[in-house]
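What follows is one structure encoded as structure tokens, with my remarks underneath.
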Amino acid sequence: MQIPIVRLALGDAEVEAASRVIRSGWVAQGPEVAAFEREFAAAVGAPCAVAVSNCTVALELSLRVAGVRPGDDVATVSHSFIATANAVVAVGARPIFVDVLPDTYGMDPAALARAITPRTRAVLCVHQIGFPCDLPAILAVARPRGLPVIEDAACAIGSEMLFDGDWQPIGRPHGLLACFSFHPRKLITTGDGGMITTSDPSLAERLRLLRQHAMSLVWDPQRVPSPPAMGSGEQSFSEPAFNFRMTDLQAAVGRPQLARLPAILAERRALAARYANALANHPLLAPPSEPPWLRSNWQSYPTTLRAGGRMSQVEIMQFLLDRGVASRRGIGNAHAEPAYAKAAWSCGQEPCDPAAHAVGRCLRMPVSEHARDNTILLPLFHGMSPAEQDHVLATLRALPG
Ligand SMILES: Cc1ncc(COP(=O)(O)O)c(C=O)c1O
């Protein structure tokens, strides 16, 4: 039996939705995108949602509208997919990396307070692999300093956290903006795709403008039911901007999945509970501990190597692979990647140790590095059959402890 790390769960509803759009004669951004935005906003309890081409550009656009300019610093985490840091660089700013907390893989608020420089203009935190970061504590650091908080929620659709005593979905923005991904590794996929939520309608307006070249004469299906007549005016472009649009084909495929989100979450939470049970007394791998103030969407299932175990991360992953079970190591660290390791500014400390810099060893992030090197992500996807999970569990039991 071969168990992939993730398997697409697209079916007749998505085929029917894509066919509907193809037959309609309108495949670019249009009424399906508008409907997807409305439904997404309702699903996460956000006043506004703006669809874009992917989460990387969602982050880039969010940083821009938050006022980040070339030469600014953005406090963010290294322990993330590289897109988080890349979005900061895309707006000409410097990512200043902050270490994470071991239980949630999220930004450490105390480390954030230490990392703020005179040039810091925004905080970009990440709800990593479906675990909400400690947003209230991060906001408590950022707000008094006047720093906007942008949430990288690429992996966090459906995740929830306790906020002022209430369970709230990620995406009901407490920071300024939250950004989601619809890459196939996520719970809902449109092939590629992204969504930005905010409670500020003027920011949403600005995002809508910038995602399509700051065009004055745009058919906005939210307001105008059909495209403008020929000759009804000339287009003008108020500032240099972008094509970050989502297409109607993509949005149509996302909508039926969004309608199934509660069922998807229930299924993934049941799979995670079964893993947790099976790993409670495992000699090599420990289940994650879910703090009582959060509910993960289990976008991934992270297990941690127990101290003193006789097999390494690579040996365990190879053992699983040899028996048909795909896995992944922990989330990477941007500060250790060639793209960032030797950047003269990656540590945010000026001056730093030039000799250490030269070999990419200036900046140490002990918790991030430990999480990368001691975590193994197990297969968990909606549509995973009991027999498939049984095979993973049997393989885990067979590990020579
Ligand atoms: C934490 C995080 N941020 C951003 C991204 C980028 O998302 P996208 O592939 O939609 O650009 C990803 C993608 O995996 C991610 O995991």
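Counting starts at 1 for both ligands and their atoms, in listed order.
Taking the six-membered ring for Trp and the full ring otherwise, Phe242 and His213 have centroids separated by 6.0 Å or more. You'll find the ring centres of Trp298 and Phe381 outside the 6.0 Å limit.
The protein heavy atom nearest to atom 3 (N) of ligand 1 is Asp152 OD2, 2.7 Å. The shortest contact between atom 16 (O) of ligand 1 and any protein heavy atom is with Cys155 SG, 3.4 Å.
The distance criterion of under 3.5 Å between nitrogen or oxygen atoms is not met by Asp192 with respect to ligand 1. Annotation: Cys55 places an N or O atom under 3.5 Å from an N or O atom of ligand 1; distance criterion only. Ligand 1 has no N or O atom lying under 3.5 Å from any N or O atom of His183, backbone or side chain.
By the 30° and 60° cut-offs, the orientation of the rings of Tyr105 relative to His79 is parallel. Ring geometry, Phe36 versus Phe182: the interplanar angle falls from 30° to 60°, so the pair is classed tilted.
A salt bridge does not link Asp72 with Arg119: none of the charged nitrogens is closer than 4.0 Å to a carboxylate oxygen.
At a 4.0 Å cut-off, at least one heavy atom of Ser80 sits close enough to ligand 1 to count as contact. Residue contacts with ligand 1: His127 is excluded, as none of its non-hydrogen atoms falls under 4.0 Å.
With a heavy-atom cut-off of 4.0 Å, Thr84 touches ligand 1 through its side chain alone. Only the side chain of Lys186 comes within 4.0 Å of ligand 1, counting heavy atoms alone; its backbone N, CA, C and O stay farther away.
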